[in-house]
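Worksheet for the structure shown next.
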Protein chains: 2
Amino acid sequence: EIQSIDYKTGHRTVLLPGLINIAAFVPGLVTAGSRDFHTVTKASVAAGFTMIRVMPLGIEGSVTDARVLKIAQLGSRQGALCDYNFSVAATSTNAEQVSQVVADVGSLFIPFNHLSGNISKVAAVTSHFAAWPTDKTIITDAKTTDLASVLLLASLHSRKLHITCVTTADDIRLIALSKSKGLKVTCDVSVYSLFLSQEDYPQCHFLPTAQDQASLWEHMETIDAFSVGSLPYQLAIATKEAATPAVGIADSLPLLFTAVSEGRLTIDDVKMKLHDNPKAIFELHDQPASSIEVEFDRPYELQKSRVWSPFIGKIMRGTVQRVIFQDRTVCLDGEVMRDAGSGKDMSAHSVSLHSSAV
Amino acid sequence: EIQSIDYKTGHRTVLLPGLINIAAFVPGLVTAGSRDFHTVTKASVAAGFTMIRVMPLGIEGSVTDARVLKIAQLGSRQGALCDYNFSVAATSTNAEQVSQVVADVGSLFIPFNHLSGNISKVAAVTSHFAAWPTDKTIITDAKTTDLASVLLLASLHSRKLHITCVTTADDIRLIALSKSKGLKVTCDVSVYSLFLSQEDYPQCHFLPTAQDQASLWEHMETIDAFSVGSLPYQLAIATKEAATPAVGIADSLPLLFTAVSEGRLTIDDVKMKLHDNPKAIFELHDQPASSIEVEFDRPYELQKSRVWSPFIGKIMRGTVQRVIFQDRTVCLDGEVMRDAGSGKDMSAHSVSLHSSAV
Ligand SMILES: [Zn+2]
Ligand SMILES: [Zn+2]
Ligand SMILES: [Zn+2]
Ligand SMILES: [Zn+2]
Ligand SMILES: [Zn+2]
Ligand SMILES: [Zn+2]
Ligand SMILES: [Zn+2]
Ligand SMILES: [Zn+2]
C-alpha cells in the first residue's frame with residue numbers, strides 16, 4: 001500500500017489493489033430478465049470492488065444445478081462492470097447435479113439453514129464433501145450447532161471450509177478454537193455486523209447483539225475476510241426501506257476507513273481482509289490492472305442517495321476516490337464512467353489450474 | 001469364558017462375569033417414594049446384570065442438582081439387588097450445580113435433545129466440557145447434527161465421549177469415521193434396536209428403520225457396548241402396553257444368545273459389550289464375586305409373564321440359568337432368592353481413584 005498525507009487538509013490517501021467482495025448478494029440472480037447482476041457489479045466497482053464472488057442464493061431460488069446456473073450466467077450478460085465468480089448451492093439431494101457444474105463455478109455453498117429437512121443433514125453434507133473436488137473451496141453459513149457439525153465433517157474429511165457471515169460470539173469463539181486446534185477453517189464477517197447491532201434494530205435477530213459485536217471486534221485476528229453479504233438487503237426488508245440490489249455495497253469502505261481513521265482498524269486489516277485473504281482462500285486470480293484510491297480522516301455527513309442506507313446522516317471518514325479496472329479509471333468520486341469496461345466470468349479459472357495447465 | 005456342551009441335549013452353557021447395563025432406565029428415579037429402583041435392580045440381577053449405570057432421566061424430571069440426586073439416592077434405599085452407579089444430567093444452565101455433585105456421580109449425561117432452547121447449545125455444552133473433570137466420562141444421546149456438533153466439541157476439548165442408544169446408519173457411520181480419525185468416542189446400542197425396527201412398529205420413530213438396523217449389525221465392530229436403555233419403556237408406551245419399570249431387561253440375554261446360537265454374534269461379542277468394554281469406558285470396579293451361567297442353543301417359546309415383552313410367543317435360544325452376586329447364588333432359573341444380597345452405590349468409586357489413593 002502507498003499512503004500519502006495531504007498537509008493542507010490533513011487527510012490521508014491510500015492506494016490499494018482492487019478489492020474483493022466474497023459474498024455479493026444478487027436478489028434477481030435466478031430470475032430470468034433481471035438486471036440485478038448489472039446493478040450489483042456497477043455498485044461494486046464504484047465502491048472499490050473489482051471482483052465479486054456471487055452468492056448462489058437469489059430471492060426466487062438458488063443456483064442448484066446446470067439449468068439455474070445458465071439463468072444466472074445469462075443475467076451476467078446484461079453487462080458486468082467488474083470480474084465475477086459464481087458458486088453452486090448444495091441441497092439435501094443435489095450432489096449429483098452439482099458434480100455437473102463443478103467446472104463452471106468457483107466454490108460450493110452449503111446453505112445449512114436452507115437444506116430441506118433435518119433428518120439427513122449430516123449425510124447430505126457428507127455426500128457433498130465426498131463429491132466436491134478438494135481444490136475448490138466449500139462455503140457455509142452454518143451457525144451454532146450446525147456450525148459445529150459441519151466443522152466436524154470438514155475435519156473428518158480433511159476439507160478446507162469457509163464460514164460466511166459470522167454474527168455471534170459463540171460462533172467466532174468456536175472458529176477461533178477450531179483454528180487453534182489446526183482445523184483448516186476461515187471465516188468472514190459482514191461489514192454491517194461490525195457497525196450495526198440489535199441495539200440499533202432490536203427486531204433484527206440476523207444482526208449481532210451488542211455483546212456479539214464486541215466479541216467480533218475482539219476476535220479481529222480470527223476474522224479472515226470482510227464481506228457485504230445479504231445482511232444489508234435483509235435489513236432493508238426488515239425496516240421496510242427500499243431493498244434494492246445495491247444496498248450496503250457503497251457503505252463498506254467508508255465504514256471501514258472511518259474505523260481506520262478512529263484507530264479501530266489498520267489499513268492493513270482492510271487490505272488483508274478485502275484482498276489478500278479472499279484471494280488466497282478462494283485461489284483467485286490477481287488483478288494487476290486494478291487498484292483503488294481511498295481518502296480518509298476527513299469527516300463528512302453521509303447524504304441520502306438513490307440507494308437506502310442506515311448510515312444516512314452519520315459522520316463518515318472515508319471515501320473511494322478513484323477505481324482503476326483493466327488499467328483504466330472506471331470510477332471517479334463515485335461516478336462510474338460511461339465506458340467502464342467489462343468484467344469477466346472468472347468462475348472456471350483458478351490459480352491452481354494455471355500453475356498446472358498453463 | 002468357560003463353555004461346555006451338554007452332549008445329551010445338544011445345548012451349550014457358558015460362564016460369564018456378572019454383566020453391566022450401562023443405561024438402566026428407572027422411570028420413578030426422581031419421584032419421592034417410588035419403588036422403581038428396587039424393581040429395576042431386581043429385574044436386572046435376575047437377567048444377569050450385577051451392575052447397572054442408572055440414566056439420570058426419570059419420567060418426572062432429571063437428576064440435575066444435589067437436591068434431586070438426594071431423591072434418587074433415597075429411592076435406592078428401598079433395596080438394591082445389584083450394584084449401581086448414578087449420573088447427573090446437564091442442562092443449559094446447571095454447570096455450576098453439576099460441579100457440586102461431581103464426587104457423588106459416575107458420569108455426566110448430556111441429553112442433547114432436552115437442553116432448553118437451541119441458541120446457546122454449543123456454549124452450554126462447552127461450559128460443561130470445561131467444568132467436568134477429565135477422568136469422568138461424558139455421555140450423550142445426541143443424534144445427527146447434534147451428534148456431529150458434540151463430537152467436534154469433544155475433539156476440540158480433548159474429551160472422551162460416550163454416545164448412548166445409537167439407532168441410525170448415519171450416526172453409526174459418523175462414529176465409525178470419527179473413531180478412524182482418532183477421536184476418543186465410544187458408543188452403545190440398545191439391545192432392542194438390534195432386534196426390532198420400524199418395520200415391526202411403523203409409528204415408532206425412536207426405533208431404527210430396517211436399513212438402519214442392518215447398518216448397526218454391519219458396524220458391530222464399532223459398537224462398544226450393548227445396553228437396555230429407555231427404548232423398551234418407550235415402546236411399551238407407544239404400543240399402549242404396560243410400561244413397567246422392568247420392561248425389556250429380561251429380554252436382553254435371551255435375544256443376544258439367540259443371535260449367538262444363530263451365529264450372528266459370538267459369545268465374546270456379548271462378554272466384550274456387556275462387561276469388558278463398559279468396565280473400561282466407565283472405569284468401573286471389577287466384581288470378582290459375580291458371575292452368571294447362560295444356557296443357549298435350546299429353542300423355547302417366550303411365555304407371557306408379569307412384565308410385557310414384544311417377544312412373547314417368539315422362539316428364543318438363550319436363558320440366564322444362574323446368577324452369582326457377592327459370592328452367593330442370588331438367582332436360579334429366573335427366580336430371585338429371598339436373601340438376594342444388597343447392592344452398593346458405586347458412583348463415588350473409580351478405578352483411577354483406587355490406583356492413586358488406596
Ligand atoms: Zn447500467
Ligand atoms: Zn479470542
Ligand atoms: Zn490483487
Ligand atoms: Zn484463468
Ligand atoms: Zn422386592
Ligand atoms: Zn463400517
Ligand atoms: Zn467383571
Ligand atoms: Zn472403590
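Lettering follows sequence order; numbering is per chain, from 1. For the numbers below, each heavy atom of this structure counts, side chains included, while hydrogens, waters and symmetry mates do not. Everything numeric in this text was worked out from a predicted model, so none of it was measured.
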| task | Please answer whether the main-chain N or O of B:Ile138 pairs with a side-chain N or O of B:Lys160 as donor and acceptor at a distance below 3.5 Å. | result | no

| query | Where does A:Leu153 contact chain B at under 4.5 Å (heavy atoms): side chain, backbone, both or neither? | reply | side chain

| What residues of residues 180-200 of chain B sit under 4.5 Å from chain A when you count only heavy atoms? | B:Lys181, B:Leu183

| said: Can a donor-acceptor pair be found, under 3.5 Å and without considering hydrogens, that links the side chain of A:Ser178 to the backbone of A:Leu174? | reply: yes

| said: Tell me if a side-chain donor or acceptor on B:Asp65 pairs with a main-chain N or O of B:Gln97 at a distance below 3.5 Å. | reply: no

| query | Does a salt bridge link A:Asp170 with A:Arg173, judged by any charged N lying under 4.0 Å from a carboxylate O? | reply | yes

| task | Rounded to the nearest 0.5 Å, what's the gap from CG on B:Leu231 to SG on B:Cys165? Could you check? | result | 5.0 Å

| message | Can you tell me which of B:Ser158, B:Ala169, B:Ala148 forms the most heavy-atom pairs within a distance under 4.5 Å of chain A? | response | B:Ala148

| message | Using a 3.5 Å distance criterion without hydrogens, assess whether the side chain of B:Thr140 forms a donor-acceptor pair with backbone atoms of B:Ile110. | response | yes

| Got a sec, which residues hit salt bridge (Lys or Arg N to Asp or Glu O under 4.0 Å) with B:Asp224, two or more places apart in sequence or on another chain? | B:Lys179

